[in-house]
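A quick write-up on the structure given underneath.
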Amino acid sequence: MCGIIGYVGGKKAAPILINGLKRLEYRGYDSAGMVTIDKNGANRFRVVGRVQNLDKAVSGLDLNMTCGIAHTRWATHGKPTQLNAHPHSDSRERFFVVHNGIIENHSKLRAQLESEGVVFTSETDTEVLVHLIDKLHETNLESAVEKTLQLVEGTFGIAVVCADEPSKIVCGRRGSPIVLGVGNQEMFVASDVSAIVQYTDQVIYLEDNEMAIVTPNDYQIRTLDNKPIARETLQIDWNLEEEGMGTFPHYMLKEIFEQSTTVENAMRGRVMLNEGSSMLGGLQSKIDQIKKLKKIVIVSCGTSYHAGMVGRCIFEQLTDISVDVELASEFRYRKLRLDETTGVLAISQSGETADTLAAIREARRKGALTIGLVNVVGSTIARETDVGVYCHAGPEIGVASTKIFVSQLVILNLMALLIGRYQSISLSEGVDLLRAMGEIPRQIQHILSRASVLEDLARQYYKVSSFLFIGRQLHYPVALEGALKLKEISYIHAEGYAAGEMKHGPISLIDAQFPTMAVVTRDATYEKMVSNIQEIRARSGPVIAIATEGDLHIADVADAVVYIPDTHELLQPILSVIPLQLFSYYCALYRGCEIDKPRNLAKSVTVE
Ligand code: M6R
């Protein structure tokens, strides 16, 4: 949440900062700001709304300064106003701070500073940082930042500049990521690599409770209690072409249409068809411990949580291990009994979600084996888990998660199969699953080739005010995911329910204005689902069914049917979710919503 970029070198900082902010905008987009400095002083600009407003505000100005920091905000403390936008400064405008995270003891610090005569200009928690830096500054910026960070509680990723030391950025991290980029006589600071990959592929990640002093030709890393740290640069592998929208009008649609490739990438080099098993190099170092796990707890949030719920069914079918799925935000506060016989599997696209990160830290403290299933390479969860597997799905830019969900489901199948083949899964069962998996990319393309069916349905339904999604077993989490997609991008109220729960309450909502999307593929619960649909129809509720090709009976029961190809039961959610993603996309389109950047949301949720 919120994005940071900083530059110090020989080039004009402003265009680099604006470019970086555009790439970071998916992290937050309610206001933006930047400051550039040189020995003559500072130029600060702050705007409400998108980075393009900041771009307009500085266009035509001759900003020659070669050092600066910038920020795109997702408001936590104080509304999105110009005064609350970062960078924040002290009253003399010498020091400037951009900050991600939350300063939990800001009220106390603010009261203290106010009693000393400091005048605050914003409602943010961040502003205390800059006044403390001003107050504690004696010899140089780094010691003032160090002393300040020792006083604050909570989380921060910060970058700080001082107009009196105009070729230096000081940054620090606790809980919110900061990465340094090393260029040729220039250095970058950012909250994630996407902001700087166009300039350098040499990066260094700060760890918690570390800070860095960055100048055009050098960087020094040390702990917040001043112990020097030696850390080599890492080379990152990032395909810039994957980031563009191509011919698609929105990232979300592009990412939905990428899903057959996403599945291929998730499988590449990992399928061992002859052995009916998989090869996941990232788990290899702990495979003996993994084989003996008695329990796996999956922790995640949002769409990744729904993938975890599907994962539980997959692990139950393929392994002898008992599996729980927990919302990371709940898990971290539970009284947990974990030891080395428990594996805690963190699923996260970004690898930075605050609650998921806190959950695996808690699990490690208790002695559990931590396993990551992460998309962003080098992210904090990827680095902090004992072992892990990457999705290799490329950047997901749309705030609504789509292609990562299918990637996560493929890898959960591969993980469970790897373990299951050491347990009770037979060779032929493994081969059957992998053969079916091999068909999935083509089947996804087939569904996508009929996207216009979903567009037509969306045109019919986009004006409704509520929608229900139902499913059973593996399709219950798919129903939850369908509801999440619809509500987050189209703002239509939507609920996902286990179909068996209908008679325990939600059916009272049903009438002709309250439609239902029912995932009713050919599986063990098919007949029960059909009964649920009939109960809804009996109360005049319109029903769209997502059903298996060849199921002609369902057309007599539902108002409309969207067919998906038949596949192995454990793989069905990979196919059944796609019509729901498309339906949400087109509803949002017809409603004129900002699809890739829905209101109040950010792609990466790095605060609790
Ligand atoms: O990066 P993560 O997978 O940890 O993110 C988890 C959720 O924040 C994310 O899935 C969110 O719910 C999406 N907006 C859903 O589309």
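Counting starts at 1 for both ligands and their atoms, in listed order.
- Atom 12 (O) of ligand 1 has its closest protein heavy atom at G302 CA, 3.3 Å.
- Side chains of S379 and E352: a donor-acceptor N/O pair is absent below 3.5 angstrom, by distance only.
- Judged purely by distance below 3.5 Å, without hydrogens or angles, the side chains of Q408 and S304 pair a donor atom with an acceptor atom.
- Considering both main-chain and side-chain atoms, T356 never comes within under 3.5 Å of ligand 1 through any nitrogen or oxygen pair.
- Proximity of E352 to ligand 1, defined as any heavy-atom pair under 4.0 Å, is not found for any part of the residue.
- Scanning for side-chain hydrogen bond (donor to acceptor under 3.5 Å, both in side chains) contacts around T81 gives N84, with sequence neighbours left out.
- Taking atom 8 (O) of ligand 1 as the reference point, the nearest protein heavy-atom neighbour is V605 CG2, 3.9 Å.
- Close approach to V399 involves these atoms of ligand 1, each under 4.0 Å from a residue heavy atom: 13 (C), 14 (N), 16 (O).
- Ligand 1 places these atoms under 4.0 Å from at least one heavy atom of S304: 2 (P), 3 (O), 10 (O).
- Near C301, with a cut-off below 4.0 Å to any heavy atom, the atoms of ligand 1 are 6 (C), 7 (C), 10 (O).
- A centroid separation of less than 6.0 Å is found between the aromatic rings of F467 and F583.
- Within the listing of ligand 1, atoms 16 (O) sit less than 4.0 angstrom from a heavy atom of A400.
- Annotation for ligand 1: atoms under 4.0 Å from non-hydrogen atoms of K485 are 15 (C), 16 (O).
- For ligand 1, one of its N or O atoms has an N or O atom of Q349 under 3.5 Å away.
- Side-chain contact of T370 with E384: a donor-acceptor pair under 3.5 Å is absent, judged by distance alone.
- A salt bridge between D208 and R361 is present, with a side-chain N of the basic residue lying under 4.0 Å from a carboxylate O of the acidic one.
- Per-residue contacts place T353 under 4.0 angstrom from the following atoms of ligand 1 (heavy atoms of the residue considered): 1 (O), 2 (P), 4 (O), 5 (O).
- For atom 9 (C) of ligand 1, the nearest protein heavy atom (residue, atom name, distance) is T303 N, 4.1 Å.
- In the model, T521 has a side-chain atom that pairs as donor or acceptor with a side-chain atom of Q572 under 3.5 Å.
- Ring planes of H106 and H77: perpendicular class, angle over 60° (limits at 30 and 60°).
- Using the six-membered ring where Trp is involved, F514 and H493 have ring planes that are perpendicular, over 60° apart on the 30 and 60° scheme.
- Listed by number with element, the atoms of ligand 1 under 4.0 angstrom from any heavy atom of E488 are 13 (C), 14 (N), 15 (C), 16 (O).
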